[in-house]
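Reading through the C-alpha cells given below for one structure.
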Amino acid sequence: MPTYKIAIVGAGPAGYFTAQAFQKAQTEELSFSIDLIERLPTPWGLVRSGVAPDHPKIKTVSKVFEKIAKEPNFRLFANVELGKDISLKDLKEQYDAVVLATGASKGRKLGIPGEDLTNSLSAADFVPWYNAHPDYVNTEIDLSGDTAVVIGAGNVAMDVARILAIDPTELDSTDIADHALAKLKQSNVRTVIICGRRGPEHAAFTAPELRDLPKLENTNVCIDSQQIQDAQARVAELSEIEKDLKNNLEAMRSIAHHPKKDVERKLEIKFLVSPIEFKGNNKIKEVIFIKNKVEGSKIVSSGEKFSIKCGLVISAIGYDSVEYPGITIENGRINNIAGHVEHNIYTTGWAKRGPTGLIGTNKSDSTDVVELIIENLKEPKLSEGITSLLKSGHEVIDQLAWERINASEVVSGTILGKPRLKESSRYKLKKLAGYN
Ligand code: NAP
C-alpha cells in the first residue's frame, strides 16, 4: 500500500482540518503520513492566539484538533519555522505534497494620514497581545486615555472593542494573557466607539456575537436606533432578505432599544462613517471622519466631517498573508488556483482564500484541497522527510512535548479558576515542554 508523505505548514484550524481530511481519505490502498509544522512552540493557531478569551465555547474545537493529533499517522513539529529552520524548496523535495496553512497575520492599513501615530494599532498586533502570543508580548499600548476608537465593523472589531470596554474583572475567569489583564485593570478607557463605513445592513458582525453584547454586565452598548430603523426600511425594499441579515438587524435593534443604565463603561457602534485622518502630536489625539450616506445600492460621502477625540485607535479592517521565500502574495493571499500553488505545493485556509469565514469554513476548504492533492499524486517519494532537514539538536516540540505544555497550563489555570494560564515566553514554553 503506498504511503504518501504530507507536510502541512501552520498548526491552526486550516492545518488541522487538512490533516483530518487526509486521515478521512485513507483507504486500504492509500495511506498518508502527516507532519504538521508550526513555527511557534504551541499549536492551534488562531484558536489560541485569535479567539477572544471571553468566547471559550469557540475554543472547544481544540478537542477535535487533539483527536486528529492522536491518530498514528500524525506528527507535530512545533518550534520549526519555514524559511528559517527549513526551506520550502527542501519540503517540496522531501514530501509528496506540501500544504501551506500559514494564515494571514499582517493587519491591513487604511492608507490615511496619521495612521502611524503612536497608539494607532492594528488588531493584528492587539489581539495576539491579549492572547499571549510570544511575538506580541511587548506590543506597546497606552490605555491612559478615556476613549478608544475601533475602525471596522467585523467580528474582530467587535472582539477588540469588547475587550477594551468590558469590566476587566469579567475576564478574571478567562485565559486572557496575564500581562494584558493586569494592564486592562489599570486602563482609563471607559468609552469605546466602533466605526463602520457602511450601514448596519452591511456590517460584517455575526448575530451570535451581537447577541453577546448585552451580556456585558458593566457596559452600556449603544447603537443609534434611527440608523437601524433606516437600515431595516432599506432592506425591506429588497426582493429577498437573507436570514442572517434579518437576525443581525434584529440583534442590533434590540441593543438599540435596551440601553443599560448606571454603568460607567460604554461601547458604541456608529455606522456610515469613514476615517479620513488621524491627528496628534506623535501620539493619536483625534480621528477625523466623514459621514457617508446610502444612495441606492451605493455608499457615498455626505461631505460632512466630524471628529472624535481619543487616546487609542485600533484598526480591524482585515488581514493579509505574509511573504516568505518561495511564495508570492497577491491581493493579500498566497497566489493559487483553487488551492494549487505550483508543482506539489498547495495552500488552504486564510492563506488560500483571504481572511474570511468562521473556523468551520476551513473544514470544507481543506477537504476540497485534499481532494485536489489526491487527484494529482504520483509515485510516493522515497525520502526521509523532515528529520533529514532539521539541524541536529533542533528543539522540536512534538505532540508529547506539547501535551506537557498543555497540561501544565491547564493545571496552573485551574488553581486560579481559569481554563488555562497561558505562557507567553518562548523560553518558558520550551522549558514546560521539557527542554532545559
Ligand atoms: P471582516 O469580517 O472582513 O470585517 C472587516 C471590516 O473592516 C468590515 O466592516 C469592512 O467594511 C471594514 N473595512 C475594510 N476596509 C476598510 C477601510 N479601508 N475603511 C474602513 N473600514 C474598512 O474581517 P474581520 O473582522 O477581520 O474578521 C475576519 C474573519 O474572522 C471574518 O470572517 C470573521 O467573521 C471571523 N471572526 C469570527 C469571530 C467569531 O466567530 N466570534 C471572531 C473574529 C473573527 P466593508 O464591509 O465596508 O468592506
Side-chain angles (χ1 to χ4, degrees), residues 12-14 45-61 103-115 120-128 130-131 149-163 174 193-213 215 231 244-245 247-248 251-252 269-278 287-292 294 297-301 313-321 331-333 349-365:
L46 283 183
V47 169
R48 182 175 167 100
S49 63
V51 175
D54 56 340
H55 280 166
K57 255 196 208 159
I58 300 179
K59 299 183 194 214
T60 54
V61 70
S105 56
K106 197 165 75 179
R108 286 191 188 139
K109 300 279 258 182
L110 286 158
I112 60 172
E115 198 174 5
S120 156
L121 273 76
S122 165
D125 297 319
F126 182 62
V127 173
Y130 66 64
N131 276 327
V149 165
V150 179
I151 310 290
N155 283 334
V156 171
M158 173 103 77
D159 282 349
V160 162
R162 216 178 47 254
I163 294 299
T174 72
I193 309 169
I194 295 181
C195 300
R197 63 180 169 180
R198 297 197 280 162
E201 69 271 43
H202 293 120
F205 310 129
T206 45
E209 277 58 43
L210 283 164
R211 287 193 207 108
D212 266 355
L213 288 178
K215 294 180 196 157
D244 287 350
L245 173 55
N247 288 341
N248 254 18
M252 288 191 239
I269 308 179
K270 278 188 191 296
F271 292 104
L272 291 165
V273 293
S274 289
I276 52 168
E277 186 177 358
F278 291 177
V287 181
I288 313 294
F289 288 92
I290 200 140
K291 287 188 185 173
N292 298 322
V294 185
S297 59
K298 284 194 185 144
I299 306 297
V300 294
S301 162
V313 176
I314 299 193
S315 301
I317 59 164
Y319 298 85
D320 288 336
S321 292
N331 296 324
R333 291 171 285 185
W350 279 13
K352 170 192 169 227
R353 64 174 195 277
T356 57
L358 306 178
I359 288 169
T361 315
N362 296 301
K363 198 168 175 176
S364 49
D365 204 12

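Counting convention: from 1, in listed order, for ligands and their atoms alike. The first residue of the sequence shown is numbered 1, and numbering continues consecutively from there.
Ligand 1 places these atoms under 4.0 Å from at least one heavy atom of Pro355: 28 (C), 29 (C). Below 4.0 Å from some heavy atom of Thr356 lie the following atoms of ligand 1, by number and element: 32 (O).
Residue Ile317 holds the heavy atom nearest to atom 7 (O) of ligand 1 of all those in Leu110, Val150, Ile317.
Side-chain atoms of Val149 and Phe278, non-hydrogen and from C-beta on, never get closer than 4.5 Å to each other.
Within the 3.5 Å criterion, the main-chain N or O of Asn292 finds no donor-acceptor partner in the side chain of Ser301.
In terms of heavy atoms, Trp350 sits closest to Gly357 at NE1-O, 4.1 Å.
Ligand 1 has no N or O atom lying under 3.5 Å from any N or O atom of Leu358, backbone or side chain. Every N/O-N/O distance between Ala204 and ligand 1 stays at or above 3.5 Å. Residue Asp159 has no N or O atom closer than 3.5 Å to an N or O atom of ligand 1.
Look at Asp320 and Arg108 and you find a salt bridge, because one of the NZ, NE, NH1 or NH2 atoms lies within 4.0 Å of a carboxylate O, short of that distance.
For atom 11 (O) of ligand 1, the nearest protein heavy atom lies closer than 4.0 Å. For atom 45 (P) of ligand 1, a protein non-hydrogen atom is found at a distance below 4.0 Å.
Just one residue in the list Asp365, Val51, Ile359, Leu358 forms a side chain to side chain contact (heavy atoms under 4.5 Å, CB included) with Pro13, and that residue is Ile359.
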